[in-house]
Amino acid sequence: MPEKIAILGSTGSIGTSTLDVVAKHPEEYQVVALAAGTNVDKMIEQVKQFQPLLVAMQSKEAAERVAREIPSHINVLWGEEGLIEVAAHQDATVVLSALVGSAGLRPTLAAIRAKKKLALANKETLVTAGHIVTAEAKRNSVPILPVDSEHSAIFQCLNGEHFEDVVRLLVTASGGSFRDRTREELKDVTVEMALKHPNWAMGAKVTIDSATMMNKGFEVIEAHWLFDLPYEKIDVILHPQSIIHSLVEFRDGAVMAQLGTPDMKVPIQYALSYPRRLPLMTERLDLLKLARLDFRPADFNRYPCLRMAYEAGKAGGTMTTVLNAANEVAVAAFLKGNCSFLMIEEVVERALNAHNPVSCPSLEEIDEADMWARQFASDIMLHSV
């Protein structure tokens, strides 16, 4: 029987790549539910091609526009209720969570509680509420299969290994759009410049997070929860070619790495097909053509957002919630041209310094911290204009 898939965030970069994988293996996968934000045209196109049973959009207006253009037997919902219905769809066997930001938290929990296998690309879910998500997954015996290339690499390197033999994880980072610029050269960079990632094709928010290295900070926090390792055993190294996606060092001195060209379809397909590997038409890695692999340390002074992510992760509780929420507000403002690139890190740091953290917070306390951080960050933006 084919794996029946529900996708949260189907019109984004990860979602469209997932559907490309599905289209290449129709005998293996069937789409049963799709959820997206406000990209009506893209959703209509996806529905016509994949014929899901259920669709959800962010707003009522977007849902109504989609409903007018697709067959009437396909149910169309909207808002968080719609996301949750997609995540817990009775026919789905696997849910791919690729929503951007903390909006993915409750739908991801709904998928776990409905005992769906979870392919996770929404790192903010674990950043915001890692202790709740991992506890729910354990309670419901739900596997969390990582989709991020770095965590997929670690997952693959750990296959067949004894976990107690792991000394540390080495998470690689491209360095983002501005990896070759000094901090002095970042003062006047534009949105257009920030969105030109040298290696990966990603959505706007993730690309900006890559440029600030907040994305890598989020991945460190995600690795902490996925692999149950302390932050002292998770290191970040800059690797401009993005060929080694991450490494695992073992206590006998052996280091395992997963290599490949920068193509998100590889970790996406592995998360869907695990433990099998299916054929995939992608650019093959040619080491002779590549000739060299470069590495350098990730400097906390150059990348303050990475430092803040480590500090928030070690502090725990609602500090990571605030880290994510303040960052979302600041990045959105930058993308709209309402703040400078360097102001992103200033806003996040001020929010973290002003927050009174709650240890081991409930979902309600996480919501409160999230709302507080968004308001605090918005107030900073308002007074800076």
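Here, residue 1 is the first one in the sequence, and each next residue gets the next number.
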Salt bridge (charged side-chain N to carboxylate O under 4.0 Å, His left out) evaluation trace for Lys233 with Asp228: CA-CA 10 Å; Lys233 290 189 174 184; Asp228 193 25; over 6 Å; no
side-chain hydrogen bond (donor to acceptor under 3.5 Å, both in side chains) assessment of Gln58 paired with Thr38: CA-CA 6 Å; Gln58 181 177 322; Thr38 57; 5.4 Å; no
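In this structure, a donor-acceptor pair under 3.5 Å is present between the side chains of Ser102 and Arg374. For the residue pair Thr321 / Asp370, no side-chain donor-acceptor distance below 3.5 Å is found, with atom types taken as modelled. No side-chain donor from either of Arg276 and Gln269 sits under 3.5 Å from a side-chain acceptor of the other. Defined by atom type and a distance below 3.5 Å, a donor-acceptor pair is missing between the side-chain atoms of Ser174 and His239. No donor-acceptor contact under 3.5 angstrom links the side chains of Ser246 and His151, judged on distance only. Donor-acceptor pairing under 3.5 Å is lacking for the side chains of His245 and Ser152.
For the atom pair Tyr274 OH and Phe155 CZ, the distance stands at 4.0 Å (nearest 0.5 Å). If you take CG on Leu34 and CG on Leu96, they are separated by 11.0 Å, rounding to the nearest 0.5 Å. Taken from CD1 in Ile70 to CZ in Arg65, the straight-line distance is 13.0 Å, to the nearest 0.5 Å. Here CD1 of Ile144 is found 6.5 Å from OG1 of Thr134. Values are rounded to the nearest 0.5 Å. The line from CG of Asn75 to NE2 of His89 is 8.0 Å long, rounded to the nearest 0.5 Å. Here Asn324 contributes atom CG and Glu124 contributes atom CD; the two are 5.0 Å apart, rounded to the nearest 0.5 Å.
Side-chain heavy atoms closer than 4.5 Å link hydrophobic residues (I, L, V, M, F, W, Y) into clusters, and following such links, even through other members, never connects Val66 to Trp78. Clustering ILVMFWY residues whenever any of their side-chain heavy atoms sit less than 4.5 angstrom apart, transitively, puts Val142 in the very cluster that holds Leu126. The hydrophobic clustering, which links ILVMFWY residues whose side-chain heavy atoms are closer than 4.5 Å, places Met214 and Phe334 apart. Linking ILVMFWY side-chain heavy atoms closer than 4.5 Å, directly or via other members, places Val220 and Ile208 in two distinct hydrophobic clusters. No single ILVMFWY cluster, assembled from side-chain heavy atoms under 4.5 Å apart, contains both Ile237 and Val171.
For Glu192 and Lys196, the salt-bridge test fails: no basic side-chain N is under 4.0 Å from an acidic carboxylate O. With salt bridges taken as basic N to acidic carboxylate O contacts below 4.0 Å, none links Lys48 and Glu69. Under 4.0 Å is where a charged nitrogen must lie from a carboxylate oxygen, and between Arg307 and Glu345 no such pair does. Ionic pairing of Arg296 and Asp180 is present here: one or more N-O contacts between side-chain nitrogen and carboxylate oxygen are shorter than 4.0 angstrom. A salt bridge does not link Asp299 to Arg183: none of the charged nitrogens lies less than 4.0 Å from a carboxylate oxygen. Contact check on Glu311 versus Lys314 returns no salt bridge, with no Lys/Arg side-chain nitrogen under 4.0 Å from an Asp/Glu carboxylate oxygen. Salt bridge absent: Lys4 and Asp91 never bring a charged side-chain N and a carboxylate O closer than 4.0 Å. Look at Lys216 and Glu150 and you find a salt bridge, because one of the NZ, NE, NH1 or NH2 atoms lies within 4.0 Å of a carboxylate O, short of that distance.
At least one side-chain heavy atom of Glu85 sits under 4.5 Å from a side-chain heavy atom of Leu54. Within the 4.5 Å cutoff, the side chain of Asp367 has heavy atoms near those of the Arg106 side chain. The shortest distance between side-chain heavy atoms of Tyr231 and Ile221 falls below 4.5 Å. For the pair Leu105 and Val133, the minimum side-chain heavy-atom distance is below 4.5 Å. Two residues are said to be in side-chain contact when any heavy atoms from C-beta on lie closer than 4.5 Å; His25 and Pro2 fail this criterion. Contact of the Met43 side chain with the Ser10 side chain is registered, since non-hydrogen atoms from C-beta on lie closer than 4.5 Å. Side-chain contact between Tyr29 and Leu278 is present, with at least one heavy-atom pair separated by less than 4.5 Å. Side-chain contact between Leu247 and Met256 is absent, with no heavy-atom pair separated by less than 4.5 Å.
Between Ile244 and Ala257 the shortest heavy-atom distance is CG2-CB, 3.9 Å. For Pro297 against Leu238, the heavy-atom pair with the smallest separation is O-CD1, 3.7 Å. Closest of all the heavy-atom pairs between Gly37 and Met57 is O-CE, 3.3 Å. Shown here for Ala6 and Val32, the closest heavy-atom pair between the two residues is N-CG2, 4.4 Å.
Under the side-chain contact (heavy atoms from CB on, under 4.5 Å) test applied with Leu290, the options Leu259, Ile243, Thr261 reduce to a single match, Ile243. The side-chain contact (heavy atoms from CB on, under 4.5 Å) with Val100 is formed by just one residue from the set Lys205, Glu328, Lys123; it is Lys205.
Around atom CG of Asp252, more than 12 heavy atoms belonging to other residues, nucleotides or ligands sit under 6.0 Å away. The environment of CD in Glu164 is crowded: more than 12 heavy-atom neighbours from other residues, nucleotides or ligands sit within 6.0 Å. Counted within 6.0 Å of NZ on Lys60, heavy atoms from surrounding residues, nucleotides or ligands total 12 or fewer; the atom is thus considered open. Atom CD of Gln51 sits in a crowded spot, with more than 12 heavy atoms from other residues, nucleotides or ligands closer than 6.0 Å. When the shell of 6.0 Å around CD of Glu283 is examined, it contains 12 or fewer heavy atoms from other residues, nucleotides or ligands. Counting non-hydrogen atoms of neighbouring residues, nucleotides and ligands closer than 6.0 angstrom, the CZ atom of Arg292 reaches no more than 12 such neighbours. Within a 6.0 Å radius of CG in Asp294, other residues, nucleotides and ligands contribute more than 12 heavy atoms. Atom CD of Glu81 sits in a sparse spot, with 12 or fewer heavy atoms from other residues, nucleotides or ligands closer than 6.0 Å.
The distance between the ring centers of Phe163 and Phe227 does not fall below 6.0 angstrom. For Phe178 and Phe341, the distance between ring centers is under 6.0 angstrom.
Gln49 places no side-chain N or O within donor-acceptor distance of the main-chain N or O of Gln46, the cut-off being under 3.5 Å.
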